[in-house]
Amino acid sequence: VQLQASGGGLVQAGGSLRLSCAASGRTSTFSRYFMGWFRQAPGKERDFVAAISRSGSTYYADSVKGRFTVSRDNAKNTVYLQMDSLKPEDTAVYYCAAKPSILTAIYLSLSDYDDWGQGTQVTVSS
């Protein structure tokens with residue numbers, strides 16, 4: 001599946017952004033994908049941010065828990081990341097990723113994912 005992330009931008013600390021990740025290609029099976037969001041700040045490794053399973057269960061990194069919300073709309077082949085109460089340390093390139101999965105699987109590691117979007121820049125000013 002091909003992924004296109006969008007919605008990044010420049011925002012002040014305390015503000016909000018909503019990222020979208022639209023899938024194309026094998027979208028008839030999009031509902032069977034485990035979807036993840038990762039981010040990479042300059043000079044740092046790419047880290048897990050949030051993920052959502054086939055059944056809609058959600059998972060978050062401790063650093064974003066309570067501030068970010070991941071959701072999916074299978075009819076639109078899209079996964080979202082609502083980011084509230086943004087902090088300067090949230091500044092990074094955000095990537096979405098997809099993994100075809102069985103119903104009970106959980107994928108939170110970078111190496112678990114097969115397909116990646118191109119990334120969208122999020123910059124939070126203080």
Side-chain angles (χ1 to χ4, degrees):
V1 66
Q2 290 78 48
L3 302 172
Q4 179 74 37
S6 62
L10 173 63
V11 64
Q12 288 188 330
S16 299
L17 282 173
R18 188 175 83 151
L19 305 184
S20 299
C21 176
S24 60
R26 297 190 302 274
T27 56
S28 61
T29 59
F30 178 77
S31 62
R32 300 179 185 176
Y33 281 80
F34 196 101
M35 300 298 296
W37 286 97
F38 292 78
R39 66 187 181 187
Q40 187 166 18
K44 296 188 176 181
E45 295 183 347
R46 193 173 298 187
D47 293 328
F48 169 76
V49 175
I52 185 165
S53 74
R54 290 177 51 177
S55 63
S57 297
T58 56
Y59 307 87
Y60 298 95
D62 288 343
S63 59
V64 307
K65 204 169 292 184
R67 300 187 298 122
F68 289 13
T69 304
V70 61
S71 62
R72 66 191 299 161
D73 185 338
N74 289 335
K76 295 182 179 180
N77 300 318
T78 301
V79 63
Y80 303 97
L81 185 67
Q82 176 67 41
M83 305 187 295
D84 299 317
S85 302
L86 282 161
K87 304 176 181 179
E89 50 264 43
D90 295 319
T91 295
V93 177
Y94 283 69
Y95 298 90
C96 58
K99 169 74 175 179
S101 71
I102 60 175
L103 194 59
T104 56
I106 300 173
Y107 301 108
L108 306 182
S109 297
L110 201 71
S111 58
D112 288 333
Y113 289 84
D114 299 323
D115 300 317
W116 291 84
Q118 86 290 358
T120 184
Q121 176 71 48
V122 172
T123 303
V124 184
S125 62
S126 56

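As a basis for the values below, the full set of heavy atoms in this structure was taken, side chains included, without hydrogen atoms, waters or symmetry mates.
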What pairs meet the side-chain hydrogen bond (donor to acceptor under 3.5 Å, both in side chains) rule with one or both residues in residues 6-24, with sequence neighbours excluded?
Ser16-Asp84
What residue pairs, at least two apart or across chains, pass side-chain hydrogen bond (donor to acceptor under 3.5 Å, both in side chains) with a residue in residues 117-126?
Gln121-Thr123
Quick check on the hydrophobic clustering: are [X] and [Y] connected, directly or via other members, by side-chain heavy-atom contacts under 4.5 Å?
| X | Y | value |
| --- | --- | --- |
| Tyr95 | Val64 | no |
| Tyr60 | Val49 | yes |
| Val11 | Tyr94 | yes |
| Tyr80 | Leu3 | no |
| Leu19 | Leu10 | no |

Starting at [atom1] of [X], measure out to [atom2] of [Y] and round the result to the nearest 0.5 Å.
| X | Y | atom1 | atom2 | value |
| --- | --- | --- | --- | --- |
| Cys21 | Leu81 | SG | CG | 10.5 Å |
| Leu108 | Lys99 | CG | NZ | 13.0 Å |
| Arg72 | Thr58 | CZ | OG1 | 12.0 Å |

According to ring-ring contact (aromatic ring centres under 6.0 Å, His included), who are the partners of Phe48, at least two apart in sequence or on a separate chain?
Phe38
Residues 30-37 side chain polar contacts: donor-acceptor under 3.5 Å, at least two apart:
from	atom 1	to	atom 2	distance (Å)
Tyr33	OH	Arg26	NE	3.4
Tyr33	OH	Arg26	NH2	3.1

Compare all side-chain heavy atoms of [X] with those of [Y] and state whether any distance is below 4.5 angstrom.
| X | Y | value |
| --- | --- | --- |
| Val1 | Asn77 | no |
| Leu110 | Gln40 | no |
| Met83 | Asp90 | no |
| Leu86 | Phe68 | yes |

Under the criterion side chain to side chain donor-acceptor pair (under 3.5 Å), I'd like the reasoning laid out for Ser53 against Ser55: C-alpha separation, chi angles, the key distance, then a yes or no.
CA-CA 5 Å; Ser53 74; Ser55 63; 3.0 Å; yes
Non-hydrogen atoms of Tyr107 and Pro100 that approach each other most closely:
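That closest heavy-atom pairing would be OH-O, 4.3 Å.
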Of all heavy-atom pairs linking Ser63 and Arg39, the shortest is OG-NH2, 3.5 Å
Identify, with sequence neighbours excluded, every residue that meets side chain to side chain contact (heavy atoms under 4.5 Å, CB included) alongside Asp47.
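For Asp47 the side chain to side chain contact (heavy atoms under 4.5 Å, CB included) partners, ignoring immediate neighbours, are Glu45.
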Going by side chain to side chain contact (heavy atoms under 4.5 Å, CB included), name the residues that satisfy it together with Lys44, two or more places apart in sequence or in a different chain.
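Side chain to side chain contact (heavy atoms under 4.5 Å, CB included) check on Lys44 returns Ala41.
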